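A short write-up of the structure that comes next.
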Amino acid sequence: MSNDEKAPLASREYHVPGSSSWASAWKVAAGVGGLGVACGIAGYVIDPRRFAFAYLMGFLTVLTMALGSTFFVLIQHLTGAGWSVTVRRASEFFVAGAIIIPVLALPNLLSMGELYPWWHHVHEVSVAHHGPEQALHAATLEKKLGYLEPTFFCIRAVIYLMVWLWLSMRLFSYSTNQDGSGDPSWTVKLQRMAPVATISFAFSLNFAAFDWFMSLEPNWYSTIFGVRLFATSAVLSFALNILVTLGFRRAGISKGAIHVEHFHDLGKLLFGFLVFWAYISFSEFFLIWYAAIPEETIYFHRRWDTDSWRMVSVSLVVVKFIIPFFLIMSRNAKRNLGLLGLGAGCIVALHLVEMYYWVMPHFQEGGIAFSATGFITDLGCVFACVGLYLAVVFRRMLNHPVIPVRDPRLQRAIEFVNA
């Protein structure tokens, strides 16, 4: 029997079986997303401004999933990595889900006036009618208004979305096309596009961080904020990949193609980027605290001057960094799938807390704005974004094998052993 005749059998071998819980995962996610949409609409009717911030938080959660996974896939092609072939498809599914991100971004584009204090005042900044501190802030903002011009802002937003859509479609389609044809030229095409794709990814991510999240506090300066978004996304992507591939392995879908050697390397990447995330986050905080420049400290004052936000800040240090750090630090822990999964789970769980920490302090001054309707709005917006995104991700899993079955480096990946 020829290789072409054998390929469809190999392809079906790594498909999600209809009896697996993975086969209905997309329905569960779609149901959660539908519930979230209903709660989000109710929240919008009650408080449009709360809805705008809550939805941005949910969108940011999904965006970091997609961008982090895109980074993981890009570096595999950029380096020509062979060990990661069997675990790469798990991240490719999250990359494929990015096709829904332009749709999910629409409520943000319609809520700009609620989110950004500069949106309605681009041509109304006057230093003369403020006190000394307010005058300083107004003067600082006035210098940025050429960049924060609404039309220019929206054009940039469309460019970012188009870049991510292009990356999503190319990275996933090239990889899955190879499943059918077995043509090694698809691997070559992916490696050739990787440098340009990586540069496009880096610029779009950084400028989106400045535009969409940093300008929530338009007087704030931080040249490292884009790197922090990147570090957060990368850590999340490795944690998600570990949890999904563990799920494939336990469900018997991967058929031995994913083993402890792969988890060991994924654990190394997760640990390394977790330390990188902590380093970037602390460096930003320490340098701003040491310099004590008013335009820079305002961001951290919002997150430390009240007991409730201080508690959130400390929980990120303890639960997202310290606990996973010690859980997965050793070689034995990285090869202990229970400990590795627990560490990855802590990071994924605290990621939503971090997104709340990034966005919601700008909703109002003081402590956490807690109310029953506000809680429903916040949770509903997260459910809507994450549920609809994961519905697309899990639905793609049903149409393609969970392993790139005809990648020319597949056998090398299956036989991979850590030195």
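Please read all numbers here as calculations on a predicted model, not as lab measurements.
A salt bridge is defined here as a Lys NZ or Arg NE, NH1 or NH2 lying under 4.0 Å from an Asp or Glu carboxylate O, and E365 with R302 meets this definition. A salt bridge links D407 to R409: one of the charged nitrogens lies within less than 4.0 Å of a carboxylate oxygen.
The two atoms that bring L104 and C385 nearest to each other are CD1-O, 3.9 Å, heavy atoms only. Considering every non-hydrogen atom in both M57 and V382, the closest pair reads CE-CG2, 3.5 Å. Residue Y357 comes nearest to S313 through the heavy atom pair CE1-OG, 3.1 Å, listed as atom of the first residue, atom of the second, then distance. Heavy atoms only, all atoms of each residue included: P408 and T187 are closest at CD-OG1, 3.4 Å. Scanning all heavy atoms of the two residues, the minimum distance from W212 to F153 falls at CD1-CZ, 3.6 Å. The two residues F94 and Y389 make their nearest non-hydrogen contact at O-OH, 2.6 Å.
Between F273 and F238, the ring planes lie tilted relative to each other; the angle falls in the 30° to 60° range. Relative orientation of the F225 and W220 rings is perpendicular, given thresholds of 30° and 60° on the angle between their planes. The aromatic rings of F271 and F325 lie tilted to each other, with the angle between the two planes from 30° to 60°. Aromatic ring pairs are classed by plane angle as parallel below 30°, tilted from 30° to 60° and perpendicular above 60°; the pair F203 and F207 is parallel.
Of the possible polar contacts, none joining the T377 side chain to the G40 backbone as a donor-acceptor pair under 3.5 Å is found. A donor-acceptor pair is defined here as one N or O able to donate and one able to accept, closer than 3.5 Å; no such pair exists between the side chain of Q178 and the backbone of Y174. Although no hydrogens or angles enter the test, the distance criterion places a donor-acceptor pair under 3.5 Å between the side chain of T86 and the main chain of A257. A donor-acceptor pair is defined here as one N or O able to donate and one able to accept, closer than 3.5 Å; no such pair exists between the side chain of S24 and the backbone of K27. Distance alone, capped at 3.5 Å, is enough to place a donor-acceptor pair between the S308 side chain and the I368 backbone.
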Under 3.5 Å, which donor-acceptor pairs link side chains of residues 334-348 to any protein atom two or more places apart or in another chain?
residue : atom : partner : partner atom : Å
K334    : NZ   : I328    : O            : 3.1
K334    : NZ   : M329    : O            : 2.6
R335    : NH1  : E261    : OE1          : 3.2
R335    : NH1  : H264    : ND1          : 3.0
R335    : NH2  : E261    : OE2          : 2.8
N336    : OD1  : G338    : N            : 3.1
N336    : OD1  : L339    : N            : 3.2

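Residue-environment remark: CZ (R192) stays at or below the threshold of 12 foreign heavy atoms within 6.0 Å. Under a cut-off of 6.0 angstrom, the local environment of CE in M169 is sparse, with at most 12 non-hydrogen atoms contributed by other residues, nucleotides or ligands. Applying the 6.0 Å contact sphere to CZ of F383 captures no more than 12 heavy atoms from other residues, nucleotides or ligands. With a 6.0 Å radius and a threshold of 12 heavy atoms from other residues, nucleotides or ligands, D307 has its CG atom at or below the threshold. More than 12 heavy atoms of other shown residues, nucleotides or ligands fall within 6.0 angstrom of atom CZ in F93. The local environment of CH2 in W166 is crowded, with over 12 non-hydrogen atoms from other residues, nucleotides or ligands closer than 6.0 Å.
Rounded to the nearest 0.5 Å, atoms NE2 (H362) and CZ (F213) are 11.0 Å apart. A distance of 12.0 Å separates CG in L205 from OG in S200, rounded to the nearest 0.5 Å. Note that the CG atom of L274 and the CG atom of L236 stand 12.0 Å from one another [nearest 0.5 Å]. The line from CE of M397 to OG of S20 is 10.5 Å long, rounded to the nearest 0.5 Å. Atom CZ of residue F370 and atom CG of residue D378 lie 9.5 Å apart, to the nearest 0.5 angstrom. How far CD1 of I376 is from OG of S371: 8.5 Å, rounded to the nearest 0.5 Å.
A 4.5 Å side-chain heavy-atom check between V163 and F201 finds every atom pair outside the cut-off. You'll find the side chain of E415 stays beyond 4.5 Å of the side chain of H259, heavy atoms only. A 4.5 Å side-chain heavy-atom check between L216 and L56 finds at least one atom pair inside the cut-off. You'll find the side chain of I99 reaches within 4.5 Å of the side chain of V392, heavy atoms only. N418 places a side-chain heavy atom less than 4.5 Å from the side chain of D265. Using a 4.5 Å heavy-atom threshold, the side chains of W83 and L266 count as touching.
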**Q.** Check against side chain to side chain donor-acceptor pair (under 3.5 Å), S204 and W164
**A.** CA-CA 8 Å; S204 59; W164 299 333; 2.9 Å; yes
**Q.** side chain to side chain contact (heavy atoms under 4.5 Å, CB included) between L74 and L171, worked out
**A.** CA-CA 8 Å; L74 280 175; L171 291 174; 4.1 Å; yes
Q) What's the verdict on side chain to side chain contact (heavy atoms under 4.5 Å, CB included) for I258 and I403, showing C-alpha distance, side-chain angles and the deciding distance? A) CA-CA 9 Å; I258 302 174; I403 304 294; 3.9 Å; yes
Q) Which is it for H262 and T245 under the side chain to side chain donor-acceptor pair (under 3.5 Å) test, yes or no, and what are the steps along the way? A) CA-CA 10 Å; H262 299 109; T245 49; over 6 Å; no
**Q.** Test side chain to side chain contact (heavy atoms under 4.5 Å, CB included) applied to H77 and R88, step by step
**A.** CA-CA 10 Å; H77 296 305; R88 194 186 69 221; 3.9 Å; yes
Q: Would you please test E354 and L350 for side chain to side chain contact (heavy atoms under 4.5 Å, CB included) and show each step?
A: CA-CA 6 Å; E354 186 178 9; L350 264 292; over 6 Å; no
Q: Test side chain to side chain donor-acceptor pair (under 3.5 Å) on D183 and S185 and set out the steps.
A: CA-CA 5 Å; D183 186 351; S185 67; 2.9 Å; yes
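Evaluated for a side-chain contact (heavy atoms from CB on, under 4.5 Å) with Y116, the options S215, P150, P218 yield exactly one hit, S215. Among the candidates F363, Y356, W358, the single residue satisfying the ring pair (Phe, Tyr, Trp, His ring centres under 6.0 Å) test with W309 is Y356.
Applying the salt bridge (charged side-chain N to carboxylate O under 4.0 Å, His left out) criterion to R412, with sequence neighbours excluded, gives no partner residue. Not counting sequence neighbours, the partners of E284 by the salt bridge (charged side-chain N to carboxylate O under 4.0 Å, His left out) test are R228.
Cation-pi geometry between R156 and Y160 is not satisfied (NZ or CZ under 6.0 Å from the ring centre, within 45° of the ring normal).
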